[in-house]
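Everything below concerns the one structure shown next.
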Amino acid sequence: MQLRALQTNDYSSWLALWQGYQRFYAADISAETTANTFSRLLADNEPMHCLVAEENGELLGLVHYLTHRSTWTTGDYCYLQDLFVSEAARGKGAGKALILAVYQQAEAAGCSRVYWTTQESNATARRLYDQVASKTEFIQYRKLFS
């Protein structure tokens with residue numbers, strides 16, 4: 001398995017993983033937003049990035065992450081927004097490898113922290129997360145706009 005940055009010709013394989021991620025979270029993200037996201041992930045002037053896990057020419061998983069400023073540190077924060085590994089590839093270490101690769105990218109960029117959220121009921125992923133990070137006591141609130 002190798003990890004690498006997303007490439008333009010990965011679209012159909014990336015889309016299959018992206019749609020799998022959406023099914024897992026019962027989300028319905030529009031085709032317009034999906035196309036915009038893919039474009040942003042490839043753009044040099046965007047703070048959004050994607051790494052993929054690949055084996056024998058097949059994408060096994062993806063991680064989307066972005067950097068942003070913080071009022072608490074001089075270094076940016078890195079938000080690991082989406083992590084997904086195909087069902088067929090689970091248990092091979094792709095998820096952990098993708099997280100550790102984001103850590104490397106964030107550290108190289110001078111970030112002071114990597115963080116993410118997950119559903120409380122996501123027990124399988126949380127077992128991995130407990131190995132590679134510390135759970136905080138923060139609760140997320142949100143207000144949605146249409």
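Side chain of Gln22 to main chain of Ile29: a donor-acceptor pair is present (N/O by atom type, distance under 3.5 Å, no hydrogens or angles). With hydrogens and angles ignored, the 3.5 Å screen pairs no side-chain donor or acceptor of Asn122 with any backbone N or O of Gln119.
Note that CZ of Arg23 is 11.5 Å distant from CG of Asp28, once rounded to the nearest 0.5 Å. Summarising the geometry, atom OH belonging to Tyr11 is positioned 11.0 Å from atom CG belonging to Leu41; distances are rounded to the nearest 0.5 Å. Between the CG atom of Leu98 and the CG atom of Leu3 there is a distance of 5.5 Å, given to the nearest 0.5 Å. Atoms SG and CG, on Cys50 and Leu66 in that order, are 12.0 Å from each other to the nearest 0.5 Å. Between Thr37 atom OG1 and Gln81 atom CD the span is 8.0 Å, to the nearest 0.5 Å. Taking CG of Leu62 as the reference point, atom CG of Leu83 lies at 7.5 Å (rounded to 0.5 Å).
Between Leu59 and Arg4, some side-chain heavy-atom pair lies under the 4.5 Å cut-off. For the pair Ile99 and Gln131, the minimum side-chain heavy-atom distance is 4.5 Å or more. In this structure, Met1 and Leu60 have side chains that are in contact, with non-hydrogen atoms separated by less than 4.5 Å. Proximity of Tyr77 to Cys111: side-chain heavy atoms (C-beta onward) are nowhere separated by under 4.5 Å. Inter-residue side-chain proximity for Arg90 and Glu87 is flagged as met; some heavy-atom pair is nearer than 4.5 Å.
Here the two rings, on Trp116 and Tyr129, have centers that are under 6.0 Å apart.
For Lys143 and Phe145, the positive end sits near the middle of the six-membered ring, less than 6.0 Å away and at most 45° from its axis.
Annotation: Arg126, atom CZ; neighbour count of heavy atoms from other residues, nucleotides and ligands within 6.0 Å is above 12.
Scanning all heavy atoms of the two residues, the minimum distance from Val114 to Ala106 falls at CG2-CB, 3.5 Å. When all heavy atoms of Val85 and Gly95 are compared, the pair lying nearest together is CG2-N, 3.6 Å. Here the closest non-hydrogen pair linking Val52 and Ala5 is CG2-O, 4.4 Å. Tyr103 and Ala133 make their closest contact through OH-CB, 3.7 Å (heavy atoms, listed as atom of the first residue, atom of the second, distance).
For Tyr115, the ring-ring contact (aromatic ring centres under 6.0 Å, His included) partners at least two apart in sequence or on another chain are His68, Tyr79. Judged as a side-chain hydrogen bond (donor to acceptor under 3.5 Å, both in side chains), and not counting sequence neighbours, the contacts of His64 are Trp14, Asp82.
Val132 and Phe138 are not part of a single hydrophobic cluster, where members link through side-chain heavy atoms under 4.5 Å apart.
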